[in-house]
**Q** 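Sharing a structure here in structure tokens format.
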Number of protein chains: 2
Amino acid sequence: MSKCEKDDMLRLKSQLCFPLYACSKEVVRRYKPFLDELDLTYTQYITMMVMWEKQEINVKCLGQILYLDSGTLTPVLKKLESKGYLTRKRSKEDERNLRVTITAAGNELKERAKTVPQQVGKCVHLQPEEAEELYRLLYKILDDMGL
Amino acid sequence: MSKCEKDDMLRLKSQLCFPLYACSKEVVRRYKPFLDELDLTYTQYITMMVMWEKQEINVKCLGQILYLDSGTLTPVLKKLESKGYLTRKRSKEDERNLRVTITAAGNELKERAKTVPQQVGKCVHLQPEEAEELYRLLYKILDDMGL
DNA sequence: GTAAATTAAATTGTGTACAATACAAAACAA
DNA sequence: TTGTTTTGTATTGTACACAATTTAATTTAC
């Protein structure tokens with residue numbers, strides 16, 4: 001077998017986009033075993049995180065927060081509705097807006113999800129200052145690219 | 001409309017996984033206009049980056065470098081083969097291995113792709129030291145999670 | 001030397017992502 | 001007003017991403 005070591009992959013390694021892409025996928029993968037217990041996918045999980053916070057929101061707004069469009073959100077929200085965690089209803093004032101509202105069951109799920117962040121955190125061994133710096137740099141890029 | 005500002009999204013913002021996930025997607029999106037000119041998707045692009053470097057490799061090996069499995073790579077490689085950028089052939093020594101080899105056309109594509117990194121780089125305004133630190137932290141996480 | 005285990009790819013099924021399009025409701029303009 | 005534009009959501013089509021399964025080839029264990 002030829003060399004599989006990741007030495008002199010200068011081009012790939014020099015791009016910054018690649019470790020970002022790979023790291024994102026690997027970290028999300030670390031969530032899977034814990035989210036499986038809640039029968040949630042990662043996308044459903046981050047959607048519920050917003051719902052726990054906001055309780056009620058429309059799709060556009062949700063998409064701005066999650067950096068997702070209606071093409072992605074519509075099926076996710078329908079799935080979460082079918083699981084009984086939220087309801088979808090057109091706004092009376094403006095029929096274009098779809099109001100997404102969390103249900104009691106949705107709020108109860110928060111209790112069960114409480115330990116997920118810490119459990120995943122155990123898989124990523126960064127010093128607090130490092131995590132903070134990483135956090136700062138990622139948001140600098142995000143803000144910079146202009147939501 | 002209710003508040004769409006991303007204030008007090010403490011939960012979402014405190015997770016580190018989320019900015020990683022969002023940032024990865026947004027940066028990849030920045031590649032699209034440039035990759036469109038080459039008729040390459042992002043996944044095809046990073047695959048070609050490895051091929052430009054290695055010239056020949058098997059699928060397993062490629063997957064380890066790109067953090068992708070055969071389920072993702074097989075269709076990508078077939079697509080790149082149909083575009084004439086590489087060939088796929090079982091290894092003589094071990095028929096289980098599929099050798100992926102870059103073609104002359106594949107190598108020629110490298111010339112046209114040369115400017116992509118700098119063009120995307122213009123969209124992300126990090127200081128060199130910041131980029132280096134981000135790079136270091138991402139690879140620390142990746143290495144830490146054990147390829 | 002053959003059965004069992006392992007390995008590498010491919011296939012299948014589910015779930016994103018997102019561009020492009022469609023469509024209906026609301027805002028705007030002449 | 002009535003026609004035009006904009007806006008919010010849904011739909012369609014393409015392309016990942018990955019777990020799980022399958023298949024075929026090689027290795028191993030005995």
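Reminder, nothing fancy here: chain letters follow the sequence lines and each chain counts from 1. The structure displayed is predicted, hence computed values, not measured ones.
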**Q** Residues in side-chain contact (heavy atoms from CB on, under 4.5 Å) with Phe34(A), at least two apart?
**A**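 side-chain contact (heavy atoms from CB on, under 4.5 Å) check on Phe34(A) returns Val116(A), Gln119(A), Val120(A).
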**Q** Could you tell me which residues satisfy side chain to side chain donor-acceptor pair (under 3.5 Å) with Thr101(B), sequence neighbours excluded, listed by chain and number?
**A**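 Scan of Thr101(B) (side chain to side chain donor-acceptor pair (under 3.5 Å), adjacent residues dropped) gives Glu56(B).
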**Q** Which residues satisfy the ring-ring contact (aromatic ring centres under 6.0 Å, His included) test with Tyr42(A), sequence neighbours excluded?
**A**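 If we apply the ring-ring contact (aromatic ring centres under 6.0 Å, His included) test to Tyr42(A), skipping adjacent residues, the hits are Tyr31(A), Tyr21(B).
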**Q** Among residues 82-90 of chain A, which residues get a heavy atom nearer than 4.0 Å to DNA chain D?
**A**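 Listed by number, they are Arg88(A), Arg90(A).
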**Q** Enumerate all atom pairs, one protein N or O and one N or O from nucleotides 3-5 of chain D, separated by less than 3.5 Å.
**A**
none

**Q** Leu98(B) CG to dA10(C) C1': how many Å, rounded?
**A**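 Rounded to whole Å, this separation is 10 Å.
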**Q** May I ask you to evaluate whether Lys78(B) reaches the phosphate of dT11(C), defined as a side-chain N or O under 4.0 Å from OP1 or OP2?
**A**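 Answer yes for this pair, as a side-chain N or O of Lys78(B) is under 4.0 Å from OP1 or OP2.
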**Q** Salt bridge (charged side-chain N to carboxylate O under 4.0 Å, His left out) with Arg90(B): which residues, sequence neighbours excluded?
**A**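 Listed in chain order: nothing, the list is empty.
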**Q** Specify the residue among Ser91(B) and Leu73(A) whose closest nucleotide of DNA chain D lies further upstream toward the 5′ end.
**A**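 First, find each residue's nearest nucleotide; the 5'-ward one identifies Leu73(A).
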**Q** Write down the distance between CG (Leu77(A)) and C1' (dT16(C)), rounded to a whole number of angstrom.
**A**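 So the two atoms are 13 Å apart, to the nearest Å.
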**Q** Would you say Asn97(A) places a side-chain N or O within less than 4.0 Å of OP1 or OP2 belonging to dT7(D)?
**A**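 For Asn97(A), the contact criterion (side-chain N or O under 4.0 Å from OP1 or OP2 of dT7(D)) is not met.
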**Q** Examine dA10(D): is either OP1 or OP2 under 4.0 Å from a nitrogen or oxygen in the side chain of Lys60(A)? Give yes or no.
**A**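 For dA10(D), OP1/OP2 do not have a side-chain N/O of Lys60(A) under 4.0 Å.
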**Q** Within this structure, what is the CE-to-P distance between Met48(A) and dT16(C), rounded to whole angstrom?
**A**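 After rounding, the gap between these two atoms is 14 Å.
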**Q** Charged N to carboxylate O under 4.0 angstrom, Asp144(A) versus Lys140(A)?
**A**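 So Asp144(A) does not pair with Lys140(A) through a salt bridge.
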**Q** Tell me: OH of Tyr31(B) to C1' of dA17(C), nearest whole Å?
**A**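 Nearest whole value for this atom pair: 18 Å.
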**Q** Once side chain to side chain donor-acceptor pair (under 3.5 Å) is applied, do any residues pair with Asp39(A), and if so which ones, sequence neighbours excluded?
**A**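 Side chain to side chain donor-acceptor pair (under 3.5 Å) list for Asp39(A), sorted by chain: empty.
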**Q** Among all residues two or more places apart in sequence or in another chain, which pass the side-chain contact (heavy atoms from CB on, under 4.5 Å) test with Glu37(A)?
**A**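 Applying side-chain contact (heavy atoms from CB on, under 4.5 Å) to Glu37(A) gives none.
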**Q** In whole angstroms, how far is the P atom of dG8(D) from the CG atom of Leu62(A)?
**A**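 Taking atom P of dG8(D) as the reference, CG of Leu62(A) is at 14 Å.
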**Q** With sequence neighbours excluded, what pairs up with Arg112(B) under the side chain to side chain donor-acceptor pair (under 3.5 Å) test?
**A**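 Arg112(B) satisfies side chain to side chain donor-acceptor pair (under 3.5 Å) with no residue once adjacent residues are dropped.
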**Q** What is the per-nucleotide protein-contact pattern of nucleotides 12-24 of chain D, from the 5' end, where B denotes a base atom under 4.0 Å from a protein heavy atom, S denotes such proximity for sugar-phosphate atoms only, and - denotes neither?
**A** ---SSBBB-----
**Q** Atom CG of Leu66(A) to atom C1' of dT9(D): distance rounded to whole Å?
**A**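 Nearest whole value for this atom pair: 16 Å.
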**Q** Does atom CD of Gln55(B) have more than 12 heavy-atom neighbours from other groups under 6.0 Å away?
**A**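 Yes, because the 6.0 Å sphere around CD of Gln55(B) holds more than 12 heavy atoms from other groups.
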**Q** Considering residues at least two apart in sequence or located in another chain, which fulfil the side chain to side chain donor-acceptor pair (under 3.5 Å) criterion with Glu111(B)?
**A**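 Side chain to side chain donor-acceptor pair (under 3.5 Å) check on Glu111(B) returns Lys114(B).
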**Q** Restricting to pairs with a member in residues 66-81 of chain A, which pass salt bridge (charged side-chain N to carboxylate O under 4.0 Å, His left out), not counting sequence neighbours?
**A**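 Sorted result for residues 66-81 of chain A: Glu81(A)-Arg88(A).
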